[in-house]
Enquirer: 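Pasting a structure below so you can have a look.
Reckoned from all heavy atoms, side chains included, excluding hydrogens, waters and symmetry mates. First the proteins, then the strands, lettered A, B, ... as listed; each starts at 1. All values reported here derive from a predicted model rather than from experimental measurement.
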Number of protein chains: 2
Amino acid sequence: MTENSDARKPAVGRARGRTKAPTAKGEERRREIVAAASELFARAGFRGTGMAEVAQRVGITEPGLLYHFGSKEGLLRAVVEHRDLRSQAFARDIAAVGGLQALREMPAFAHRNREQPGLAKLFAVLLAENLDPGDPEHDFFVRRYREMRAVVAGMIREGQRGGEMRADVSPELKAIEILAALDGIASQWLLDPEEVDLVISIEEYARTLIRDLATDPEPAETGAPEEVQG
Amino acid sequence: MTENSDARKPAVGRARGRTKAPTAKGEERRREIVAAASELFARAGFRGTGMAEVAQRVGITEPGLLYHFGSKEGLLRAVVEHRDLRSQAFARDIAAVGGLQALREMPAFAHRNREQPGLAKLFAVLLAENLDPGDPEHDFFVRRYREMRAVVAGMIREGQRGGEMRADVSPELKAIEILAALDGIASQWLLDPEEVDLVISIEEYARTLIRDLATDPEPAETGAPEEVQG
DNA sequence: GATTATTTACTTAGTCCTTAGTAAGTTCCA
DNA sequence: TGGAACTTACTAAGGACTAAGTAAATAATC
């Protein structure tokens, strides 16, 4: 399927009929559709979700969908681009505070993720469906992960320059590890939330990271409640 | 699709026509089919692969496939159960050597994985397609991850009992973290092998782990070649 | 040890449903 | 009055799966 059908693929990404500016109603409609598609793609994946399901969910016909997005892949692209909150929020968090403090923010990040399991799942599912070059959004995920690794590596380099992080770790490799751990923990949590607590697991991993990376030993927070710094 | 069609689902798992013992030829054929299906499922997932594709690959008809496995889900089950080398090899490695030594074996595990990227990908893709309860192999993956976490936690407990690992880490949480990191690194490697080196990343993570968990400082292996112990 | 009966391992032909996508027309708002 | 935002009606292909029959190997019987 992916191999021979490179010829005459339908126009992807933009609408069929429309050529000028969209109206407010249209934009609102598109937001609804993206929201519905996000939910369904998170459940059954891109391949496991039919256009008819999405259409029914928003109360429109199938060609109505295609009017807005041109093709199923166009809809996927819209979902992937619009629902990009994850890496944006992630980058904002890490860029806002530098060095070690960024690691201390990881539990907050975990809390936010737990409140929107749909988003975490959407990300995990779509990533797995786009591992192959040739998968429709492969390049998007490659770019996103390169960006995220760069942001995390930058955060570590900052900590190293400031002297609060040990200098003998490679920022690039540590960035791979950190993103890997976060993804992997999320994946185990999504699979088996009764056995794997997302927040506790990430908190513990953050403690490990700080213990391993900090040059100064952290104030022992075992038994010491949060009001220490107040 | 997953919601309403609980009624009259076709018999899953076993063959339609056959009721007694299979012949040697049949078993060989089934192995061929499982191998082909594994490759195709790794590429496009269970949902993205048609029975016709699998059939063509092994040179059989579609009903020929169904004779052997009863349904598409039956074929998936066979793939998942037969291609279970990963966790078995993993458990064997970890159980063979206890404690810290198991962590030192992680790079070897990484090397094996790199030689069979198809298997790693199959695992990642099928996991993501079975995150939901109700997905056909959801329970299988839940069980597998529980087993793997138990094996890793046991290895850590052993290290702690022997005194070579620090006692103030939770074996259960550390097991989650280790499996998460391994999966996450593999996932980034599968997505972008040019930027992410599986073996180097896992080696570095193993070093971090040993540095963090060992009670005795390890002999600095930087610059010291392997012939030290010879 | 040849014949008969049974079973495995298929094939051909066909069912019925779902799939993404098209063509052409309609409504409604700016 | 022209274009955005739809709908109805349709196509062609692919989806898993069934029914019924056949070739060949195996097992049972005389």
Side-chain angles (χ1 to χ4, degrees), chain A residues 1-5 7-33 37 40-41 44-56 58-78 136, chain B residues 1-5 7-34 37 40-41 44-56 58-77 136:
Chain A
M1 252 203 173
T2 324
E3 308 166 333
N4 286 346
S5 67
R8 69 191 158 67
K9 51 174 62 173
V12 56
R14 273 300 143 227
R16 299 205 78 61
R18 171 165 51 83
T19 54
K20 287 198 163 183
T23 67
K25 182 194 172 195
E27 300 234 26
E28 169 60 19
R29 200 71 154 137
R30 239 159 283 143
R31 267 190 295 272
E32 281 178 52
I33 295 169
L40 293 171
F41 288 176
F46 172 69
R47 292 179 183 131
T49 304
M51 293 293 269
E53 272 178 281
V54 181
Q56 192 191 19
V58 290
I60 200 178
T61 58
E62 244 182 291
L65 279 192
L66 289 165
Y67 166 76
H68 285 292
F69 299 99
S71 69
K72 196 190 178 188
E73 290 195 2
L75 174 57
L76 173 62
R77 156 132 307 171
Chain B
M1 255 205 171
T2 326
E3 307 167 335
N4 286 345
S5 66
R8 69 189 159 68
K9 52 174 61 173
V12 57
R14 274 299 143 226
R16 297 205 80 61
R18 172 166 50 84
T19 53
K20 290 198 163 182
T23 66
K25 182 193 171 193
E27 301 234 25
E28 169 60 19
R29 200 73 153 135
R30 241 158 281 143
R31 267 190 295 271
E32 281 178 51
I33 296 170
V34 166
L40 293 171
F41 289 175
F46 172 69
R47 293 178 182 130
T49 304
M51 292 294 267
E53 272 178 282
V54 182
Q56 193 191 17
V58 290
I60 200 178
T61 59
E62 242 183 293
L65 279 193
L66 289 165
Y67 166 76
H68 285 291
F69 299 99
S71 69
K72 196 190 178 188
E73 290 194 1
L75 174 57
L76 173 62
R77 157 134 306 172

Enquirer: Between the protein and nucleotides 10-14 of chain C, which nitrogen or oxygen pairs come in under 3.5 angstrom?
Expert:
unit_1, atom_1, unit_2, atom_2, d
dC10(C), OP1, Arg29(B), NE, 3.4
dC10(C), OP2, His68(B), NE2, 2.9
dT11(C), OP2, Thr61(B), N, 3.1
dT11(C), OP2, Thr61(B), OG1, 2.4

Enquirer: What integer distance in Å separates Leu66(A):CG from dT8(D):P?
Expert: 15 Å
Enquirer: When the distance from CZ of Phe46(B) to C1' of dG15(D) is rounded to whole Å, what number comes out?
Expert: 12 Å
Enquirer: Starting at atom CG of Leu76(A), determine the distance to atom P of dA20(C), rounded to an integer number of angstrom.
Expert: 12 Å
Enquirer: For atom CD of Gln56(B), decide whether the heavy atoms of other residues, nucleotides or ligands shown that lie under 6.0 angstrom number more than 12.
Expert: no
Enquirer: What is the separation between atom CE on Met51(B) and atom C1' on dC17(D), rounded to the nearest whole Å?
Expert: 9 Å
Enquirer: Using the salt bridge (charged side-chain N to carboxylate O under 4.0 Å, His left out) criterion, which residues pair with Glu32(A)? Sequence neighbours excluded.
Expert: Arg29(A)
Enquirer: Glu28(B): what forms a side chain to side chain donor-acceptor pair (under 3.5 Å) with it, not counting sequence neighbours?
Expert: Arg31(B)
Enquirer: Answer whether the closest heavy-atom distance between the side chains of Arg77(A) and Phe69(A) falls below 4.5 Å.
Expert: no
Enquirer: Rounded to whole angstroms, how far apart are CD on Glu73(A) and P on dT19(C)?
Expert: 17 Å
Enquirer: Which distance, rounded to the nearest 0.5 Å, do you find between the OG1 of Thr49(B) and the CZ of Arg47(A)?
Expert: 7.5 Å
Enquirer: Just how far, in rounded Å, is P of dT19(C) from NZ of Lys72(A)?
Expert: 8 Å
Enquirer: Between P on dA13(D) and CD on Glu53(B), what's the gap in Å once rounded to a whole number?
Expert: 17 Å
Enquirer: Could you check if a side-chain atom of Phe46(B) sits within less than 4.5 angstrom of a side-chain atom of Lys72(B), using non-hydrogen atoms only?
Expert: yes
Enquirer: Using whole Å, what does the distance between atom C1' of nucleotide dT19(C) and atom CG of Leu75(A) come to?
Expert: 15 Å
